[in-house]
Amino acid sequence: MAPSELIHLSAADLAARLAAGDVTSVEVTQAHLDQISAVDDTIGSFLHVDGAKALAQAATVDEDRAAGKALGPLAGVPIGLKDVFVTRGTPTTAGSKILEGWTPPYESTVSARALAAGLVVLGKTNMDEFAMGSTNENSAYKPVRNPWNHDRIPGGSSGGSASAVASFETPLSLGTDTGGSVRQPAAMCGLVGMKPTYGSNSRYGVIAFSSSLDTPGPFGRTVMDTALLHEAISGYDPCDSTSIDAPVPGVVAAARKGANGDLTGVRVGVVRELGGDGYETGVMSAFEAGVQTLRDLGATVTEVSCPHFSYSLPAYYLIAPSEASSNLARFDSVRYGLRVGDDGEASLEEVMSMTREAGFGAEVKRRIILGAYALSSGYYDAYYGQAQKVRTLLARDFTAAFEQVDVLVSPTTPTVAYPIGAKVNDPLAMYQGDLCTLPASLVGVPAMSLPVGLAEDPADSGGTPLPVGLQIMAPTMADDRCYRVGAALEGALDASRGAPFLAELAIR
Ligand code: GLN
């Protein structure tokens with residue numbers, strides 16, 4: 001099979017061909033490395049590619065297969081890892097200059113599980129510095145371009161993980177979702193992206209942003225691909241104190257069940273507060289068409305009110321910066337990466353201060369200042385304490401909603417991908433883009449984004465239409481519901497357009 005055909009296959013198809021001996025992992029890996037060479041100067045998905053290491057790993061999988069060893073379902077399939085996952089012997093920067101040149105001595109649990117499953121790591125993907133952002137413009141190294149329109153953001157903070165899958169540089173990738181950073185770039189690049197239940201994917205070896213929210217999650221071009229990766233990396237980890245000691249929901253089986261296209265008996269709630277004013281009309285019409293498809297598949301659709309969802313944005317932008325200000329204290333010029341001004345004259349405090357001044361970007365500094373202020377004595381109760389109480393109100397909204405329905409749906413983002421630079425000087429405008437993804441993050445429930453259609457680009461009428469994502473939220477540890485409903489919807493949409501969603505991009 002020609003390399004140009006290989007890179008367009010789904011991970012599930014690649015896995016089947018690898019298992020049947022039609023193709024080797026070395027061939028598959030080389031095809032993706034070639035695509036990276038061809039497009040990544042333009043797209044900017046990767047911060048670090050290690051072709052030799054990937055090919056050696058692929059050769060080992062091929063040898064194991066030839067020797068008849070038992071292999072996982074994704075063995076030999078390539079993957080990209082967001083540069084927030086600590087990888088032994090491979091540079092890890094979290095998109096920040098402060099970690100430039102740092103090579104970790106250990107491996108994150110999630111990437112270790114990917115390696116143990118035989119996934120072939122192509123490299124580390126670009127991201128907003130310390131996962132702070134919704135556009136990938138906060139990367140200290142380079143921006144990422146949306147494969148659908150190179151002048152548009154890919155979304156963030158896992159922008160490189162999304163653009164890599166959408167530009168066929170890899171069939172699968174991993175990101176982290178703290179307030180939407182898997183779902184939002186998935187929506188803007190036309191992919192499936194999943195934020196699993198908080199605590200069901202280990203944070204061990206994930207460079208911390210906001211510890212009560214950070215959740216590793218998979219990207220794929222199909223619901224089934226995403227489910228296969230989800231199952232490969234999830235599950236209890238004693239190295240993470242908030243890890244849930246319970247069986248991983250059967251997401252692959254749920255995706256398979258959903259693919260039969262019957263949602264009879266499934267109750268879907270449309271969140272009243274996530275839509276309407278402030279949402280682009282193209283986004284709303286693609287979303288509503290998606291909801292109609294759910295009805296056509298047999299689901300019962302009702303409107304559900306979640307009255308406290310509007311407080312998610314201020315609560316998140318107090319909690320996440322507060323936790324970040326504490327987590328980022330470890331970048332002290334002594335333990336990792338950059339050190340500035342250590343000339344024997346300057347004091348330790350001066351070296352720390354010069355290093356943090358030079359090593360952190362503007363958004364990171366903004367959040368450290370905001371967080372340190374919100375946590376300071378005299379203000380703690382008024383800001384951080386109040387924001388934590390909002391989480392309880394949100395949890396009650398979800399509990400009440402899930403007494404009426406099995407899943408909740410909304411648009412994933414209020415807008416399609418906007419022009420690079422459009423909101424760079426207006427952080428509050430950028431934060432508004434997280435409206436729909438924050439409630440599930442603050443409560444820890446699972447949520448998926450999947451592509452439901454294309455909308456006209458309001459910044460370029462008549463130009464390339466851009467992807468719209470539909471979000472599916474489910475109760476804690478009921479991640480399988482997202483996959484069942486997602487697979488059914490994907491199947492119906494693929495059938496109506498006569499091709500998988502990303503084929504629309506492939507033919508451009
Ligand atoms: N966009 C949000 C922020 O800037 C979410 C980031 C994330 O999920 N890592 O904090």
Side-chain angles (χ1 to χ4, degrees), residues 81-85 94-96 110 125-140 144 153-162 173-189 193-196 198 201 203 206-219 312-328 360-371 374 387 412-415 417-418 422-424 426-449 469 471:
L81 299 176
K82 186 177 184 179
D83 204 24
V84 77
F85 294 101
S96 181
V110 158
T125 60
N126 203 348
M127 58 181 284
D128 282 308
E129 185 174 5
F130 289 107
M132 297 175 189
S134 313
T135 64
N136 220 104
E137 293 163 298
N138 296 334
S139 166
V144 173
I153 58 158
S157 65
S158 314
S161 289
S173 66
L174 282 174
T176 52
D177 191 310
T178 299
S181 281
V182 169
R183 288 163 286 161
Q184 191 245 19
M188 290 186 169
C189 291
M194 179 75 188
K195 183 194 88 73
Y198 175 80
N201 280 259
R203 290 183 294 108
V206 180
I207 296 172
F209 165 15
S210 182
S211 307
S212 73
L213 298 161
D214 295 344
T215 310
F219 286 97
S312 299
L313 196 81
Y316 173 86
Y317 278 98
L318 285 168
I319 290 167
S322 297
E323 294 184 9
S325 74
S326 162
N327 274 324
L328 269 54
F360 288 140
E363 184 63 24
V364 173
K365 287 176 184 155
R366 178 159 34 242
R367 304 228 186 165
I368 291 173
I369 292 167
L370 193 65
T412 309
T413 56
T415 72
Y418 46 83
K423 299 187 183 173
V424 85
D426 189 354
L428 288 179
M430 183 187 80
Y431 300 165
Q432 294 285 339
D434 303 335
L435 270 176
C436 309
T437 50
L438 294 175
S441 294
L442 286 162
V443 176
V445 299
M448 170 186 282
S449 178
Q471 177 175 234

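As the structure lists them, so they are numbered: ligands from 1, and atoms in each ligand from 1. For the single chain, residues carry numbers from 1 onward in sequence order. Remember, it's a predicted structure, so these values are computed and weren't measured experimentally.
Between Tyr317 and Tyr431, the ring-plane angle classifies as parallel under the 30° and 60° cut-offs.
Counting the atoms of ligand 1 from 1 in the order shown, those under 4.0 Å from a heavy atom of Tyr317 are 1 (N), 2 (C), 3 (C), 4 (O), 10 (O). Within ligand 1, counting atoms from 1 as listed, the ones closer than 4.0 Å to a heavy atom of Ala131 are 6 (C), 7 (C), 9 (N). Shown in contact with Gly133 at under 4.0 Å from a heavy atom are these atoms of ligand 1, numbered in order with element: 1 (N), 2 (C), 3 (C), 4 (O), 6 (C).
Residue contacts with ligand 1 for Tyr431 are absent, since no atom lies close enough (heavy atoms, distance under 4.0 Å). Neither the backbone nor the side chain of Phe130 has a heavy atom within less than 4.0 Å of ligand 1.
Between Thr135 and Met430, the closest side-chain pair of non-hydrogen atoms falls below 4.5 Å. Using a 4.5 Å cut-off on side-chain heavy atoms (C-beta onward), Thr413 and Arg183 make no contact.
Residue Asp434 has at least one N or O atom closer than 3.5 Å to an N or O atom of ligand 1. Ligand 1 has a nitrogen or oxygen under 3.5 angstrom from a nitrogen or oxygen of Tyr316. An N or O contact shorter than 3.5 Å is missing between Phe209 and ligand 1 by distance. At least one N or O atom of Ser134, backbone or side chain, sits closer than 3.5 Å to an N or O atom of ligand 1.
At least one heavy atom of Gly180 sits closer than 4.0 Å to an atom of ligand 1. By the 4.0 Å heavy-atom criterion, Glu363 is excluded from the residues contacting ligand 1.
The CG atom of Asp177 lies 9.5 Å from the CG atom of Leu213; values are rounded to the nearest 0.5 Å. Between Ile319 atom CD1 and Ser211 atom OG the span is 12.5 Å, to the nearest 0.5 Å.
No donor-acceptor distance shorter than 3.5 angstrom exists from the side chain of Asp214 to the backbone of Ala208, with no hydrogens or angles considered. When atom types are taken as modelled, the side chain of Glu129 and the backbone of Gly361 share a donor-acceptor pair closer than 3.5 angstrom. The main-chain N or O of Gly159 is never found under 3.5 Å from a side-chain atom of Lys82 such that the two would form a donor-acceptor pair.
The protein atom (non-hydrogen) at minimum distance from atom 6 (C) of ligand 1 is Ser181 OG, 2.8 Å.
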